[in-house]
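All remarks here apply to the structure that follows.
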Amino acid sequence: MKGSTIRFLVVSIILMILQVCVFSHIYLFGYAMAFVFLYILAAIPFSVSLNAIYTIGFGCGFIIDIFTDTLGVNTISATLLAALRHPIFKLYSSKTEDIGSLYISSKTVGMAVFTKYIFTLSLIYCIIAFVIESMAFFNILRLTFNVIGSTIFTFIIILAINSLNTQNEKRL
């Protein structure tokens, strides 16, 4: 295994533990929750097979669901996000072939593309998760606050994680 792969696995395990133990219990202003494990799905290189990406998305969501008792909400949301990540990236950049086996970060694709990509992934994930969660007790105002607040909170936290994690990466 290459050093970058081992580093990514360590970061992934740390993010999953932080999501389960810390971020799943923080509701900023009663509405916003950060989904830091989305960084795992967002940063996977595009050279990884789709089956592996779907499995990673399913596994991340399933682990979060087991420890937070959310009955499959994160599993379906993360799996759908894993399926949508490549088309979403293509909206903002055509460099998917150039990136190859590099992990997606602000240093490898540029800050502008990365921020748009992360914001869109966060928004889609929050929409899917909160719509599924609110099916039984539908309150459009609370749903809107949850989606907007969690998207912004997740976006800020992922950008902070990215800035800590991209010190030794090479730029395209």
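Computed from a predicted model, the values in this text were never measured in an experiment.
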Decide side-chain contact (heavy atoms from CB on, under 4.5 Å) for R85 and I44; before the verdict, give the C-alpha distance in whole Å, the side-chain angles of both, and the deciding distance to 0.1 Å. CA-CA 10 Å; R85 66 186 284 274; I44 297 172; 3.8 Å; yes

Side chain to side chain donor-acceptor pair (under 3.5 Å) pairs, two or more places apart, involving residues 51-64: none

Closest heavy-atom contact between A129 and V73? O-CG1, 3.5 Å

When rounded to the nearest 0.5 Å, the distance separating CD1 of I88 from OH of Y117 is 7.5 Å

What distance separates F62 CZ from T79 OG1, expressed to the nearest 0.5 Å? 11.0 Å

Do I63 and I66 sit in the same hydrophobic cluster, where Ile, Leu, Val, Met, Phe, Trp and Tyr count as joined when their side-chain heavy atoms come under 4.5 Å apart? yes

Applying side chain to side chain contact (heavy atoms under 4.5 Å, CB included), name anything that partners L71, two or more places apart in sequence or on another chain. D69

Spatial distance of atom CD1 (I127) from atom CG (L123) [nearest 0.5 Å]: 4.0 Å

For residues 19-32, run the donor-acceptor check on the side chains, cut-off 3.5 Å, and write out each pair with its distance to 0.1 Å, sequence neighbours left out.
residue: Q19; atom: OE1; partner: V36; partner atom: N; Å: 2.7
residue: Q19; atom: NE2; partner: S24; partner atom: OG; Å: 3.3
residue: Q19; atom: NE2; partner: A34; partner atom: O; Å: 3.2
residue: S24; atom: OG; partner: Q19; partner atom: O; Å: 2.6
residue: H25; atom: NE2; partner: V20; partner atom: O; Å: 3.4

Out of curiosity, I53 CD1 to L41 CG, how far, rounded to the nearest 0.5 Å? 9.0 Å

Would a hydrophobic clustering, with Ile, Leu, Val, Met, Phe, Trp and Tyr connected at side-chain separations under 4.5 Å, put F67 with I17? no

Indicate yes or no: at least one non-hydrogen side-chain atom of E133 is less than 4.5 angstrom from one of F130. yes

Before you tell me yes or no, could you show the steps for V109 and S105 under side-chain contact (heavy atoms from CB on, under 4.5 Å), namely the whole-Å CA-CA distance, both residues' side-chain angles and the distance that decides it to 0.1 Å? CA-CA 6 Å; V109 298; S105 70; over 6 Å; no

D65 CG to T70 OG1 distance, which is reported to the nearest 0.5 Å: 3.5 Å

Let me check something: do Y39 and I13 share a hydrophobic cluster, defined by ILVMFWY side-chain heavy atoms less than 4.5 Å apart, either directly or through other members? no

Y103 and M111: same hydrophobic cluster, using ILVMFWY side-chain contacts below 4.5 Å? yes

Going by atom type alone, with no hydrogens or angles, which donor-acceptor pairs under 3.5 Å involve a side-chain atom of residues 150-159 and a protein atom two or more places apart or on another chain?
residue: S150; atom: OG; partner: M33; partner atom: N; Å: 3.0
residue: S150; atom: OG; partner: M33; partner atom: O; Å: 3.4
residue: S150; atom: OG; partner: N146; partner atom: O; Å: 2.9
residue: T151; atom: OG1; partner: V147; partner atom: O; Å: 2.6
residue: T154; atom: OG1; partner: F35; partner atom: N; Å: 3.0
residue: T154; atom: OG1; partner: S150; partner atom: O; Å: 2.7

Sequence neighbours excluded, which residues qualify as side chain to side chain contact (heavy atoms under 4.5 Å, CB included) partners of I40? F8, S12, L15, M16, F37, I56, C60

Could you give the distance from CG (L80) to CD1 (I132), rounded to the nearest 0.5 Å? 7.0 Å

Under the side chain to side chain contact (heavy atoms under 4.5 Å, CB included) test, which residues partner A52, sequence neighbours left out? V48, S49

Mind listing the closest non-hydrogen atom pair of S93 and V113 along with its distance? CB-CG1, 3.8 Å

Heavy-atom nearest pair, P87 first then L84, reads CD-O, 3.2 Å

Test side-chain contact (heavy atoms from CB on, under 4.5 Å) on V131 and L143 and set out the steps. CA-CA 7 Å; V131 165; L143 175 68; 4.1 Å; yes

Quick one: list whatever passes ring pair (Phe, Tyr, Trp, His ring centres under 6.0 Å) with Y92, sequence neighbours left out. none

Candidate pair L81 and I128, rule side-chain contact (heavy atoms from CB on, under 4.5 Å), full reasoning: CA-CA 9 Å; L81 194 69; I128 294 169; 5.8 Å; no

